[in-house]
Amino acid sequence: MHQARHERLQRELKRRKIDCAVIVPGPNLRYLTGLCLKPSERITLAFIPLDREPALLLPLLEVPQAEQALKAEAKLYSYGDEEGPDQALSQLVRDLELKGKTLGVELRQMRLLELKQLKRHLADCRRVELDGAMEELRMIKDDSEIRLLRQALELTESVLAKTIRAIRPGVSERAIAQVYQRELLEAGGEGVSFEPIVVSGPNSGSPHASAGERAIQPGDIVTLDCGASWGGYLGDITRNVAMGRLDPELEEIYKIVKEANAAGREACRPGVAVQEVDRAARQVIERAGYGRYFIHRTGHGLGLEVHEPPYIIGGNEQELQPGQVFTVEPGIYLPGKGGVRLEDVMLITTEGAETLTRFPRELIRL
């Protein structure tokens, strides 16, 4: 599987006239090698050239993990703390004959720390952006990725159900968010996709408000946006809870958002322009008179990162393709009053689309 990903990357590098990809710790390194490392003061760099075996520069203390976790062939160039990476990197550069070549680098992931090393050892190399090539590769999920995404979403929904049972008047938003995190750990999850969003009453009128100390009250609408990680792949779902009788306008906007969510999901199929999914959901809200309160894109891709292409937004003329996984999450946000967002995860198939999230979409009433 990882060898096939290397070959796909090499074809893309050839098309873009790039001699070698340079990958830093993060989602692209995990995607290409299976190696899960975090950036630190000790640099790690993977080099994937067009016509040679990949090479990995890494600290000596990471070698045991790399030998166990690597899912693709790569020659290791290690270094200790005392000597630092210079000698090992110089040898790697000579072995791969990288002098004067064109390097593809991750503009959104690479730090100045790694860039400084590249400039020192490969000053005569041309550096170009690699992000677009990696986005093209990762946007189409293979069977193993789809399996992991299904498992991440199943775990997310199981923990969400347990968390909802803890919601009651007088409990703070932050306490409910902590319940989610605790239940996830007890269920064996790797961790959260992101800090869970639990917002109530007027706080729910802000799409990305953080869980705070506000106590949940009767008459509130509570928005829960959460996700769980499984095998490196991330879940994401948003549901809403009504604490008793709601303001009639909040009841109404829930119905509108639910209809918009259904319209967006219905528009998903191969060959459809991405912007048509956004338009289908947005038109429902605009026709109901709440267009100016839907203040974000309709969705985003989901995988090793919680936000990745394709972005479901107006103006994106890219066509949907089988294997793409993304969210559909329309919302209406009334400042000072409250808001609603309803988020599901879609998989484009050869015949249409599948909604991967199974959690009920009816307003949950406590």
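Nothing here was measured: the structure is a model prediction, and the numbers come from that model.
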Checklist entry - Do NZ/NE/NH1/NH2 and the carboxylate oxygens of R365 and E251 come within less than 4.0 Å? => result yes
Next on the checklist: I need the full list of side-chain hydrogen bond (donor to acceptor under 3.5 Å, both in side chains) pairs touching residues 310-321, with sequence neighbours left out, sorted by first then second residue.
Outcome noted: none
Item to check | Passing option when I43 is tested against L58, V24, L57 for side-chain contact (heavy atoms from CB on, under 4.5 Å) | outcome: L57
Next on the checklist: For a side chain to side chain donor-acceptor pair (under 3.5 Å) check, start with the C-alpha distance between Y254 and E362, then their side-chain angles and the critical distance, and finish with the verdict.
Outcome noted: CA-CA 9 Å; Y254 189 86; E362 298 301 324; over 6 Å; no
Item to check | ring-ring contact (aromatic ring centres under 6.0 Å, His included) evaluation trace for Y333 with H296 | outcome: CA-CA 10 Å; Y333 309 93; H296 54 74; 5.4 Å; yes
Next on the checklist: If we count only N and O atoms by modelled type, under 3.5 Å, do the side chains of H121 and S90 hold a donor and an acceptor together?
Outcome noted: yes
Checklist entry - Where do R111 and S40 come nearest, in terms of heavy atoms and distance? => result NH2-O, 2.7 Å
Checklist outcome for this item: SG of C125 to CG of L98, rounded to nearest 0.5 Å, is 6.0 Å
Checklist entry - Got a donor-acceptor contact below 3.5 angstrom from the S193 side chain to the G235 backbone? => result yes
Item to check | Carboxylate-amine/guanidinium contact R297 D278, below 4.0 Å | outcome: no
Checklist entry - Measuring from D19:CG to K101:NZ, what's the distance to the nearest 0.5 Å? => result 5.5 Å
Checklist entry - How many angstroms lie between OG1 in T163 and CZ in R182, if you round to the nearest 0.5 Å? => result 9.0 Å
Next on the checklist: Test of understanding: with side chain to side chain donor-acceptor pair (under 3.5 Å), list the residues that count as partners of T357, not counting sequence neighbours.
Outcome noted: D344
Checklist entry - Any donor and acceptor pair, going by atom type alone, linking the side chain of D131 with main-chain N or O of L107 inside 3.5 Å? => result yes
Checklist entry - So does D142 pair up with R147, basic N to acidic O under 4.0 Å? => result no
Next on the checklist: Would you compute the distance between atom CG of L356 and atom CD1 of I146 and round it to the nearest 0.5 angstrom?
Outcome noted: 8.0 Å
Checklist entry - CG of L130 to CG of N28: how many Å apart, nearest 0.5 Å? => result 7.0 Å
Item to check | Under-4.0 Å salt bridge between K337 and E252 | outcome: no
Checklist entry - Would you find more than 12 non-hydrogen atoms of other residues, nucleotides or ligands less than 6.0 Å from E351 atom CD? => result no
Checklist outcome for this item: side-chain hydrogen bond (donor to acceptor under 3.5 Å, both in side chains) with R341: of T223, N261, N240, D225, only one passes, and it is D225
Item to check | Shortest non-hydrogen contact from Q65 toward C36 | outcome: NE2-O, 3.1 Å
Checklist entry - Hey, is E62 close enough to R42 for a salt bridge, meaning N to O under 4.0 Å? => result no
Item to check | R150/E354 ion pair, N-O < 4.0 Å | outcome: yes
Checklist outcome for this item: The residue among I237, T156, L153 that forms side-chain contact (heavy atoms from CB on, under 4.5 Å) with F359 is I237
Checklist entry - Around atom CZ of R52, are there more than 12 heavy atoms of other residues, nucleotides or ligands at under 6.0 Å? => result yes
Next on the checklist: Among residues at least two apart in sequence or on other chains, which ones pass side chain to side chain contact (heavy atoms under 4.5 Å, CB included) with K75?
Outcome noted: E53, Y77, D95
Next on the checklist: Looking at R8 and E136, is any side-chain nitrogen of the basic one under 4.0 Å from a carboxylate oxygen of the acidic one?
Outcome noted: no
Next on the checklist: Around atom NZ of K99, are there more than 12 heavy atoms from other residues, nucleotides or ligands closer than 6.0 Å?
Outcome noted: yes
